[in-house]
Amino acid sequence: MAGDYTETQVVVVGAGPVGLMLAGELRLGGAEVVVLERLVTPTTESRASTLHARTMEILDSRGLLDELGPVPNDVMGHFGGIPLDLTLPGPYPGQWKVPQVRTEELLGHWATDLGAVILRGHELRGLTVTQDYAEAEALGPNGPVRLRAKCVVGCDGENSTVRRLGGFDFPGADASRELIRADVAGIEIPNRRFQRLEHGLAIAARRPDGVTRVMVHEFGRAVRPRTGDPEFSEMVDAWKRVTGEDISGGTPVWVNAFGDVSRQATQYRDFRLFLAGDAAHAQMPIGGQALNLGLQDAVNLGWKLAAQVTERGPEGLLDSYHAERHAVGRRVLGNIAAQALLLLGGPEVEAVRSVFGELVRQDDVRTHLAGMISGLDIRHDVGPGGHPLLGARLPHAELAVAGDRTTTTALLRSGRGVLLDISGDADHRARRLGTAAPWAGLVDTVAAELLPERGEFAGADAVLVRPDGFVAWAGSEGEADLITALHRWFGAPAVSATANNSTKRRGHNMGRLTGRTALVTGSSRGIGRATAVRLAQEGALVAVHYSSGEEAAHEVVASIEKDGGRAFAVRAELGAPGDVHELFVGLEDGLKERTGTTDLHILVNNAGVMGGVSPEDTTPEQFDRLVAVNAKAPFFIIQRALKNMPNGGRVINISSGLTRFANPQEIAYAMTKGAVEMLALHYAKALGPRGITVNSVAPGITRNGNPVFDIPEVVEQMAALSAFNRVGEPQDVADVVAFLATDEARWITGAFIDATGGTLLG
Ligand code: NAP
């Protein structure tokens with residue numbers, strides 16, 4: 001049956017933290033994604049709550065930490081219950097306590113704001129994989145749903161349906177020992193970190209809300225087969241046998257049991273199917289490593305899968321997901337198995353525990369274990385080179401970029417790769433950034449000064465960083481290795497230049513500008529309005545700028561949103577003192593709220609005023625006003641926007657056919673448009689190395705709501721000026737602007753584009 005399925009690029013199964021993180025990463029990479037989730041509403045149980053240093057850095061690299069607010073932190077962790085100081089160089093040492101519900105809520109909002117579609121109450125029932133697509137069949141509240149995608153990713157936990165339906169091997173061992181765990185209200189018992197008693201292990205931690213989390217393990221007690229969660233009475237009895245305390249008077253919030261299961265899928269990828277998180281590896285949740293491992297799987301996979309499904313991924317990129325994350329998973333499972341032995345072993349492990357207790361006080365042992373548990377020591381095989389940073393995560397450091405202070409971590413907010421030049425040498429920088437220019441749009445190039453010192457960057461004048469924060473190249477010489485790394489991780493430039501070249505629009509907007517942000521000045525009406533709508537149809541998040549037409553601007557936003565697009569309104573009167581500042585305060589707030597960054601990819605300088613006064617009657621004040629709005633404002637808007645504009649950005653200035661077609665009634669106005677055209681000529685040259693194009697679009701007479709267009713005789717005269725014998729519609733111009741904004745127009749810069757419908761032919 002054709003046509004009864006919905007098409008997307010990636011289906012993610014499971015809207016837990018791992019699935020949501022992956023959905024957000026896929027959107028950042030420009031891929032369409034639909035998430036299927038069995039539960040109708042998000043879980044309210046917070047089973048996992050520990051975020052480790054590497055995960056905190058990742059959340060920072062996506063601008064998500066501010067929204068989390070203050071997070072309790074403890075540098076002390078443990079290894080198999082033996083206290084271990086997790087402090088390592090970096091901004092987020094130790095364990096950070098964030099209830100899983102909060103992590104899910106945060107990632108859910110982020111992914112949705114980025115355009116991920118989450119279908120709750122949809123249970124996966126079937127999977128079909130063909131040479132051309134993977135199809136997921138789910139049962140939703142309104143009946144069966146079929147989604148056809150390029151790939152399906154199982155983020156559906158330990159009992160993964162994707163893993164089962166996909167026939168993945170999942171070898172390993174089931175649990176032989178278990179802990180019963182519960183959140184209990186209304187009990188007063190002493191806190192216990194990892195108390196080893198004669199008959200077992202007891203843990204109790206009272207939270208500020210009065211609920212106590214208790215965990216108990218009885219030494220030597222075999223795991224019993226279970227079909228569901230244990231009854232609270234089982235917890236009460238075990239607690240009594242181990243501690244002698246009676247907690248039967250408490251009220252259980254929830255109870256579950258977990259054991260020292262250790263299994264890992266042999267392959268994380270099978271053609272069009274992928275596994276991430278607990279679906280790929282089942283392990284005992286000691287010290288929160290499982291959640292962190294899963295989130296990091298998602299961040300490793302997201303950008304690679306997005307590149308693949310948008311047809312710009314280099315050969316072998318996706319295979320690196322399995323190669324990298326399976327190795328990391330195997331190592332974590334190993335440390336968890338060792339910890340399980342130390343933690344759940346009876347008196348027979350005491351001697352090993354005591355030797356281990358001495359060892360962890362040695363700093364190199366402590367550092368080794370802390371690196372492993374925090375995820376900070378992960379190192380991938382990324383290619384040739386000998387710098388110590390190669391394959392490691394980008395160290396967090398303070399930077400000055402064009403006079404502004406920032407951090408290396410914040411450079412990753414766009415989800416693109418970064419080539420960071422810290423040489424401080426202009427020639428060097430120009431050569432480096434020029435090398436990466438063909439990858440503009442996929443790799444941001446940043447020249448910065450490290451503050452206060454070079455630290456781990458010693459010996460490197462520049463680093464190339466993958467979107468997931470791993471250093472793919474580091475060095476000072478050897479352009480050839482840099483080019484190899486750019487090819488290996490970002491593909492051939494000719495292919496990468498057409499990034500995001502998806503023209504499908506189904507349900508939610510996906511298009512050539514997905515993942516981009518745009519500012520269209522003067523888009524409350526006329527050509528600006530049509531341009532804002534058009535860019536949003538192509539998937540861009542659009543800032544609809546206005547001055548007096550507040551209601552009209554909000555109507556434009558509502559209309560874009562009704563069609564599944566994303567937009568927000570921003571006010572500023574151009575030509576008034578402080579205009580550009582006011583515009584950018586509103587713009588940056590709006591962008592930050594919706595994307596986590598203030599990146600602006602596309603600027604359309606459209607706002608303008610007509611003269612309408614003959615040259616002999618034009619006053620100096622009228623002249624100044626025309627210049628201020630039409631010429632001075634675009635100049636300073638560009639000057640300000642370049643701080644926000646990543647490489648590969650677009651500047652489009654709306655000029656007029658009157659710079660080529662005489663109309664003595666509009667001399668002053670035409671002069672301002674002549675001035676605007678100079679921006680394209682000179683800025684195009686200056687911004688070429690950053691892959692930013694600057695062009696002028698010149699409309700002819702275009703229907704803009706002016707009452708003159710209601711007079712048929714006048715319209716007829718105006719139409720006669722065009723080769724097509726009609727006046728222009730705002731959409732005629734908007735389509736031209738939209739094209740210039742896409743990657744397809746990458747080779748056009750400094751140009752005057754005649755959008756007059758042939759009026760200039762004479
Ligand atoms: P329009 O319908 O008159 O709309 C002008 C837009 O610019 C409105 O959104 C208006 O905002 C905004 N604007 C005007 N002055 C502003 C100021 N001082 N500060 C902030 N915003 C201001 O314009 P249009 O006819 O679509 O023209 C758009 C562009 O195309 C202009 O640059 C114009 O010169 C050029 N153009 C038009 C034609 C044509 O025949 N229509 C031909 C050639 C070139 P508020 O309404 O919210 O104040």
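Start at 1 and go down the list; that is how both ligands and their atoms are numbered.
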Residue selection (non-hydrogen contact nearest atom 19 (N) of ligand 1) among Leu574, Val629, Thr659: Leu574

Is it true that a side-chain atom of Thr702 and a backbone atom of Pro699 form a donor plus acceptor pair closer than 3.5 Å? no

Could an N or O of ligand 1 be found under 3.5 Å from any N or O of Ile527, whether backbone or side chain? yes

Does the pair Glu67/Arg62 count as a salt bridge with the N-to-O cut at 4.0 Å? no

Please work out which of Thr756, Asn704, Leu658, Thr672 has its closest non-hydrogen atom nearest to atom 23 (O) of ligand 1. Asn704

Have a look at Gly700, Gly705, Ser523 and point out the one with the heavy atom closest to atom 42 (C) of ligand 1. Gly700

Would Ala572 count as a contact residue for ligand 1, given that I'm defining contact as a non-hydrogen atom of the residue lying under 4.0 Å from a ligand atom? yes

Can you tell which of Asn606, Ile654, Thr702, Val609 gets a heavy atom nearest to atom 31 (C) of ligand 1? Asn606

One finds that the ligand 1 atoms under 4.0 Å from a non-hydrogen atom of Tyr546 are 47 (O)

Under 4.0 Å between a side-chain nitrogen and a carboxylate oxygen: does that hold for Asp735 and Arg534? yes

Taking every heavy atom of Pro42 against every heavy atom of Glu104, the minimum-distance pair comes out as CB-OE1, 4.3 Å

Taking only non-hydrogen atoms of His545, do any sit less than 4.0 angstrom from ligand 1? yes

Quick one about Asn606 and Thr531 (side-chain donor to acceptor, distance below 3.5 Å, no hydrogens or angles considered), yes or no? no

Heavy atom of the protein closest to atom 34 (O) of ligand 1 (residue, atom name, distance): Tyr669 OH, 2.5 Å

Of all heavy-atom pairs linking Arg432 and Leu419, the shortest is O-CD2, 3.5 Å

For Phe568 and Leu591, the nearest pair of non-hydrogen atoms, with its separation, is CZ-N, 3.7 Å

Close approach of Lys673 to ligand 1, heavy atoms, under 4.0 angstrom: yes

When you measure from atom 9 (O) of ligand 1 to every protein heavy atom, which one gives the shortest distance, and what is it? Ser524 OG, 2.7 Å

I need the atoms of ligand 1 closer than 4.0 Å to a non-hydrogen atom of Glu573, numbered in the order shown. 19 (N)

Are Arg625 and Glu573 within salt-bridge range, i.e. N to O under 4.0 Å? yes

Could you tell me whether Arg413 and Asp60 have a side-chain N and a carboxylate O separated by less than 4.0 Å? yes

Tell me the closest heavy-atom pair linking Leu513 and Thr742, and the distance in Å. CD2-CA, 3.9 Å

Using a strict threshold of under 4.0 Å (side-chain N to carboxylate O), is an ion pair present between Asp743 and Arg312? no

Side-chain ion pair, Arg660 and Glu677, N-O less than 4.0 Å: yes

Of the protein's non-hydrogen atoms, which lies at the shortest distance from atom 6 (C) of ligand 1, and what is that distance? Gly522 O, 3.5 Å

Nearest to atom 13 (N) of ligand 1, what protein heavy atom do you find, and at what distance? Ala607 CB, 4.0 Å

Quick test: of every protein heavy atom, which one is nearest to atom 14 (C) of ligand 1, and how far off is it to 0.1 Å? Gly608 O, 3.6 Å

Closest protein heavy atom to atom 4 (O) of ligand 1, given as residue, atom name and distance to 0.1 Å: Arg525 NH1, 3.5 Å

On a heavy-atom basis, the closest approach of Ala111 and Ala23 is CB-CB, 4.1 Å

Does the N or O separation between Gly549 and ligand 1 drop below 3.5 Å for any pair? yes

Would you mind running through ligand 1 and noting each atom that sits below 4.0 Å from a heavy atom of Ile701? 40 (O)

Record the part of Glu666 in heavy-atom contact with ligand 1 below 4.0 Å; permitted values are side chain, backbone, both and neither. neither

Could you tell me if any non-hydrogen atom of Ser655 lies under 4.0 Å from any atom of ligand 1? yes

Considering heavy atoms of the protein only, find what lies nearest to atom 43 (C) of ligand 1 and give residue, atom and distance to 0.1 Å. Pro699 O, 3.4 Å

Which residue is it: Arg594, Lys643, Arg416? I am looking for the one with a salt bridge (charged side-chain N to carboxylate O under 4.0 Å, His left out) to Asp599. Arg416

Numbered atoms and elements of ligand 1 in range of Arg625, under 4.0 angstrom, heavy atoms: 18 (N)

Could you identify the single nearest non-hydrogen protein atom to atom 48 (O) of ligand 1 and state the distance to 0.1 Å? Ser548 OG, 2.7 Å

Ligand 1 contact by Glu551, heavy-atom criterion under 4.0 angstrom: no

